[in-house]
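Working notes, beginning with the structure itself.
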Amino acid sequence: MKVLVFNCSPRMDKGNTALILKPFLEGLKEAKAEVELFYIKKLKINPCQACFSCWFETPGKCFQKDDMQMLYPKLCQADIWVFATPIYVDSMTAMMKNLIERMIPSSQPFFNLRDGHCRHIARKGGKYTKVVLVSNCGFWEIDNFKPLLVHMKAFCRNLGVEFAGALLRPHGEALRPMMEIGMPVNDIFEAAKRAGYQLIKNDKMSPRTLKLVSRELLPLEMYIQHANQRFQQRLHTLEKK
Ligand SMILES: Cc1cc2nc3c(=O)[nH]c(=O)nc-3n(C[C@H](O)[C@H](O)[C@H](O)COP(=O)(O)O)c2cc1C
């Protein structure tokens with residue numbers, strides 16, 4: 001099993017997204033998957049130019065000579081794509097959106113009717129692919145992931161790939177400080193690891209495991225209070241400078 005992973009957080013390995021992604025990848029590796037991780041911030045990926053040369057002039061190939069040329073064959077060969085992103089303004093980061101817009105060469109211009117809906121026809125040659133989303137957000141509630149989930153599912157339907165599920169970490173900003181003061185949060189990392197292992201060994205992640213990744217870390221009112229205290233402290237430090 002080949003797994004292609006995109007960490008689309010500008011904080012890369014220092015971010016809260018990486019806190020969940022890391023054990024998930026450990027689980028994949030423990031189940032003997034071949035994992036390749038890319039930090040999108042480190043790659044040169046230009047925006048799509050909407051020239052449609054990848055459809056009508058060089059079918060399946062984008063003319064732009066940037067790091068997508070290195071990623072295209074990997075995307076075709078991978079069995080699983082993992083997209084990891086924090087929530088930015090209710091959705092994915094701009095760098096992840098930029099990446100998925102550049103995936104247009106993997107579809108053909110032709111329309112067909114799939115599940116009663118107008119879609120593009122996938123270009124042949126790619127393997128059957130599963131997609132996993134790993135995300136975290138600053139607000140407390142799990143419903144903050146709703147717009148991103150709708151978007152990811154639509155993206156998968158359009159590309160003719162399977163949405164295999166999501167590891168979602170609401171009030172993700174609390175995870176690192178709680179870990180650093182030794183509060184019991186290991187069950188979350190263990191669940192993320194188990195999800196990776198299950199995906200390879202059982203072909204799917206159990207809803208119970210995914211629910212554990214998202215479990216409440218602290219009550220809403222307490223989270224708001226702690227967060228506001230931290231913001232206040234940072235502003236005080238600034239005033240003293
Ligand atoms: C530009 C920007 C927009 C954000 N928008 C949201 C948002 O709409 N909802 C939310 O819950 N958190 C939002 N956040 C908070 C991030 O999701 C949160 O800080 C997350 O833990 C960052 O993950 P990272 O450390 O992997 O980058 C936003 C953060 C930034 C920088």
Side-chain angles (χ1 to χ4, degrees), residues 3-28 35-43 45 47 81-101 131-155 165-181 183 185-193 195-196 210-235 237-238:
V3 187
L4 195 54
V5 186
F6 303 110
N7 182 329
C8 307
S9 161
R11 292 176 178 164
M12 299 195 282
D13 59 330
K14 307 278 185 297
N16 299 319
T17 310
L19 276 182
I20 298 296
L21 183 62
K22 193 167 168 271
F24 178 65
L25 301 189
E26 282 168 14
L28 293 171
V35 177
E36 197 168 9
L37 167 66
F38 288 97
Y39 291 101
I40 295 306
K41 191 181 175 181
K42 287 188 184 171
L43 301 183
I45 301 180
W81 302 336
V82 178
F83 292 95
T85 178
I87 295 287
Y88 271 19
V89 196
D90 298 297
S91 191
M92 61 189 71
T93 55
M95 61 179 91
M96 177 166 157
K97 183 66 167 41
N98 191 38
L99 165 71
I100 65 174
E101 285 180 15
V131 170
V132 174
L133 170 71
V134 177
S135 189
N136 97 97
C137 74
F139 288 142
W140 189 86
E141 299 85 353
I142 188 108
D143 68 7
N144 287 292
F145 297 104
K146 258 191 194 168
L148 177 61
L149 284 170
V150 169
H151 195 157
M152 286 308 288
K153 287 175 188 173
F155 162 75
L167 283 77
L168 305 174
R169 187 53 263 168
H171 44 292
E173 285 283 357
L175 193 53
R176 192 180 295 278
M178 286 176 77
M179 186 179 80
E180 284 170 357
I181 60 169
M183 289 185 73
V185 289
N186 252 341
D187 58 326
I188 291 166
F189 302 127
E190 280 161 14
K193 186 173 174 179
L210 295 180
K211 212 171 161 195
L212 244 174
V213 174
S214 308
R215 79 145 167 90
E216 181 180 317
L217 291 171
L218 73 173
L220 170 62
E221 292 74 17
M222 199 185 281
Y223 182 60
I224 293 177
Q225 198 189 346
H226 279 290
N228 287 344
Q229 265 170 12
R230 256 190 311 128
F231 300 148
Q232 198 60 61
Q233 273 164 10
R234 288 187 71 174
L235 286 169
T237 319
L238 180 72

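Ligands are counted one by one from 1 in listed order, and the atoms in each one are counted from 1 as well. For reference, positions follow the sequence shown, starting with 1. What's counted below: heavy atoms across the whole structure, side chains too, no hydrogens, waters or symmetry copies.
- Between P10 and ligand 1, not a single N/O pair is under 3.5 Å apart.
- Heavy-atom contacts of V89 reach the following atoms of ligand 1: 3 (C), 4 (C), 5 (N), 6 (C), 7 (C), 8 (O) (cutoff under 4.0 Å).
- For atom 22 (C) of ligand 1, the choice among A84, P170, A18, P86 with the nearest heavy atom turns out to be P86.
- Summary of contacts: the protein heavy atom closest to atom 26 (O) of ligand 1 is T17 OG1, 2.6 Å.
- To the nearest 0.5 Å, atoms CG (L235) and CD (Q233) are separated by 10.5 Å.
- At a 3.5 angstrom cut-off on N or O pairs, G15 does not count as close to ligand 1.
- Heavy-atom contacts of S9 reach the following atoms of ligand 1: 24 (P), 26 (O), 27 (O) (cutoff under 4.0 Å).
- Under the side-chain contact (heavy atoms from CB on, under 4.5 Å) rule, M92 has a single partner from L133, N98, L148, I87, which is L148.
- Looking at ligand 1, you'll find an N or O of E173 within less than 3.5 Å of one of its N or O atoms.
- For N7 against M12, the heavy-atom pair with the smallest separation is ND2-O, 3.5 Å.
- Note that the CG atom of L220 and the NE2 atom of H171 stand 9.0 Å from one another [nearest 0.5 Å].
- With respect to atom 11 (O) of ligand 1, the closest heavy atom belonging to the protein is F139 N, 2.8 Å.
- The two residues C8 and M95 come nearest to each other via the heavy atoms O-CG, 3.5 Å.
- With salt bridges taken as basic N to acidic carboxylate O contacts below 4.0 Å, one links R11 and E173.
- At a 3.5 angstrom cut-off on N or O pairs, C137 does not count as close to ligand 1.
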- Would you check, one step at a time, whether the test side-chain contact (heavy atoms from CB on, under 4.5 Å) holds for H226 with L218? CA-CA 10 Å; H226 279 290; L218 73 173; 3.9 Å; yes
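- The protein atom (non-hydrogen) at minimum distance from atom 14 (N) of ligand 1 is I87 O, 3.2 Å.
- Close N/O approach between Y88 and ligand 1 is not found [any backbone or side-chain N/O within under 3.5 Å].
- No donor-acceptor distance shorter than 3.5 angstrom exists from the side chain of T93 to the backbone of S9, with no hydrogens or angles considered.
- Considering only non-hydrogen protein atoms, atom 12 (N) of ligand 1 sits nearest to G138 N, 3.1 Å.
- One finds the CZ atom of F189 at 4.0 Å from the CG atom of L175 (value rounded to the nearest 0.5 Å).
- The shortest contact between atom 21 (O) of ligand 1 and any protein heavy atom is with N136 OD1, 2.6 Å.
- With hydrogens left out, the protein atom closest to atom 8 (O) of ligand 1 is D90 N, 2.9 Å, a heavy atom.
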